[in-house]
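Structure, as structure tokens:
First the proteins, then the strands, lettered A, B, ... as listed; each starts at 1. For the numbers below, each heavy atom of this structure counts, side chains included, while hydrogens, waters and symmetry mates do not.
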Amino acid sequence: MEEEQEDDISLSENLDENGFPFLPSSSPQPEQTNDKPIDTIEESFSSEFYRGGTDWSGLLGNEKKKKKLKQANLFQLWGFKKPQEEESTLITRVSSLPAKAEEEKKQVVASSSGFGGRKPKGRDNQRRVCPFYKKIPGTPFTVDAFRYGGVEGCSAYFLSHFHYDHYGGLSKGWSHGPIYCTPLTARLVKMCLSVNPSFVYPMEFDTEHAIEGVKVTMLEANHCPGAALIHFRFQDGRCFLHTGDFRACKLMQTHPLLTNQRVSTLYLDTTYCNPKYKFPPKEDVLSFVVKVTRTSLKRQPKTLIVVGAYSIGKECVYLSISKALGVKIYANASRRRILQSYDWPELSDNLCSNGQDSPLHVLPISSLRHETLKQYLETYTPQYTAILAFRPTGWTYSETTGNHLDLIKPAIKGNSTIYGVPYSEHSSFLELREFVQFLKPDKIIPTVNVGNAATRDKMQSCFRQWLKS
DNA sequence: GCGATCAGCT
DNA sequence: CACAGCTGATCGC
């Protein structure tokens with residue numbers, strides 16, 4: 001019933017005001033000494049959290065035209081373009097986004113009686129409070145916090161990317177405040193969730209926007225299309241970075257906003273913050289997938305190739321096969337609609353709407369089971385007689401395989417073959433470490449796997465280790 | 001009947 | 001495990 005309650009903060013000895021152990025930082029940065037603690041947003045900063053269950057979020061945006069330039073940068077990050085000249089064109093166009101859609105009442109205190117309707121048996125109402133790690137202290141900002149109704153004191157809701165566990169709670173009826181996100185995410189939010197466009201504020205990558213007196217910039221997160229790291233620069237010069245979900249890479253270490261000024265507090269995607277998570281660079285996995293595909297087709301030319309994917313993300317897996325084999329990509333109508341909204345010509349120009357027209361299909365990852373695949377294959381008899389499927393996920397790790405892709409053993413059942421491949425859109429443990437050691441933040445707030453006290457402790461120990469010197 | 005949410009399941 | 005959902009049931013309107 002209330003097992004999480006007892007997990008409640010024991011503000012014992014060496015925990016900071018957020019319930020986390022102190023970091024050994026040369027300059028123990030005073031948490032509350034911001035320009036001006038705007039409101040009550042931080043008062044219950046940690047106390048709310050440990051009731052808060054796991055990580056949720058959401059956000060979106062809206063816009064009219066998309067810039068080719070920024071997208072090109074994105075594709076480059078994804079391994080389809082040489083890291084040319086690092087795009088130092090940081091357009092510091094401090095445009096002040098109007099804080100419209102604001103006559104909304106901030107009444108809903110998101111608690112006992114508010115939204116969420118339902119009177120479930122249990123502690124559900126209690127659970128629907130925005131956890132502290134989604135709030136940016138000293139500001140009226142939250143990140144990926146939509147499933148709590150209106151968050152008290154929040155007048156700007158940021159959405160890091162368009163994945164359900166981050167935008168959850170966003171829907172047609174959203175009216176709790178303006179939503180800031182990248183243009184691509186904005187399109188998806190409006191298109192897929194029917195959020196009222198007047199609440200959606202797209203922010204181009206690498207463009208500084210002044211919001212409520214804070215300078216905010218979206219940086220490419222190397223996660224899914226439209227995903228952003230969110231960089232906040234306060235009037236006193238201090239900087240926070242919220243990674244949303246991201247896969248750290250070298251290119252990030254060259255971004256002007258991260259090299260020229262120090263990030264004091266880092267909100268970190270700690271999905272794979274454990275040394276057991278090792279996986280190769282994306283490019284290696286893409287090569288492997290192409291190689292396996294070629295080999296299979298040579299052996300059995302009538303093989304249907306399937307790549308599993310969620311709504312957004314992993315596009316490069318099937319795009320790689322498409323390019324290597326010179327075949328189109330079949331996806332159903334709803335997926336095509338989403339893929340076509342990316343403004344990614346290489347992808348949208350290679351889609352097809354008839355399964356017979358290509359041996360390369362994209363399916364929901366949930367359908368990657370022998371049973372289901374065989375049924376699917378039968379609908380293409382006699383055109384195809386075998387099926388080869390790839391399930392791209394970071395969880396496909398193994399102590400033995402690690403970085404050795406050739407050790408991956410597929411699951412085979414009759415004419416159905418399924419490869420789990422370690423194509424991750426989150427940082428590996430080592431990538432996380434390198435990123436943190438590059439940034440050297442004073443303080444790190446994990447945003448994933450925080451529901452368990454032991455895991456939290458282990459992560460903080462990790463950070464201490466990484467940053468000691 | 002429809003949209004939103006939730007427990008349970010991957 | 002928990003990635004990022006999906007499914008089916010339930011609730012409010």
Of all the choices, C/dC6, C/dA4, C/dC3, which nucleotide is nearest to the side chain of A/S366 once you look at every atom?
-> C/dC6
Rounded to the Å, how far apart are A/N452 CG and C/dC1 P?
-> 12 Å
Whole Å only: how far is the OH atom of A/Y148 from the P atom of B/dA4?
-> 19 Å
Atom OH of A/Y272 to atom P of C/dC3: distance rounded to whole Å?
-> 8 Å
Nearest of B/dA4, C/dG5, C/dC1 to any side-chain atom of A/Y310?
-> C/dG5
Separation of C/dA4 atom C1' from A/F162 atom CZ, nearest Å, is 12 Å
Taking the side chain as every heavy atom from C-beta outward, state whether A/V306 and A/L388 have any atom pair closer than 4.5 Å.
-> no
Please collect all salt bridge (charged side-chain N to carboxylate O under 4.0 Å, His left out) contacts where either partner lies in residues 428-441 of chain A, sequence neighbours excluded, each pair once.
-> A/R247-A/E431, A/K250-A/E434
For C/dC3, does OP1 or OP2 lie under 4.0 Å from any side-chain N or O of A/T393?
-> no
So which one's nearest nucleotide on DNA chain C is more toward 5', A/T455 or A/I312?
-> A/T455
Would you indicate whether the side-chain heavy atoms of A/H231 and A/H255 approach each other to under 4.5 Å?
-> no
Give a yes/no on whether any side-chain N or O of A/H161 is located under 4.0 angstrom from OP1 or OP2 of C/dC3.
-> no
Tell me: NZ of A/K314 to C1' of C/dC3, nearest whole Å?
-> 7 Å
Starting at atom CD of A/E371, determine the distance to atom P of B/dT10, rounded to an integer number of angstrom.
-> 15 Å
OP1 or OP2 of C/dA4 sitting under 4.0 Å from any side-chain N/O of A/H426?
-> yes
Rounded off to whole Å, could you give me the CZ-to-C1' distance for the A/F429 and C/dC3 pair?
-> 19 Å
For the side chain of A/Y164, starting at C-beta, report the closest nucleotide among C/dA4, C/dC3, C/dG5.
-> C/dG5
Name each donor-acceptor pair under 3.5 Å that joins a side chain in residues 332-339 of chain A to protein atoms two or more places apart or in another chain, with its distance.
residue: A/N332; atom: OD1; partner: A/S334; partner atom: N; Å: 3.3
residue: A/N332; atom: OD1; partner: A/S334; partner atom: OG; Å: 3.2
residue: A/N332; atom: OD1; partner: A/R335; partner atom: N; Å: 2.9
residue: A/R335; atom: NH1; partner: A/Y310; partner atom: O; Å: 2.8
residue: A/R335; atom: NH2; partner: A/A309; partner atom: O; Å: 3.2
residue: A/R336; atom: NH1; partner: A/A331; partner atom: O; Å: 2.6

Counting side-chain heavy atoms from C-beta on, which of C/dA2, C/dG5, C/dC1 comes nearest to A/H163?
-> C/dG5
Would you mind classifying the nucleic acid contact of A/S311 as base, sugar-phosphate or nothing, using non-hydrogen atoms under 4.0 angstrom?
-> sugar-phosphate
Donor on one side chain, acceptor on other, A/Y330 and A/Q356, under 3.5 Å | no
Closest of C/dG5, C/dA4, B/dA4 to the A/K172 side chain is B/dA4
Using whole Å, report how far CZ of A/R147 lies from P of B/dG3.
-> 21 Å
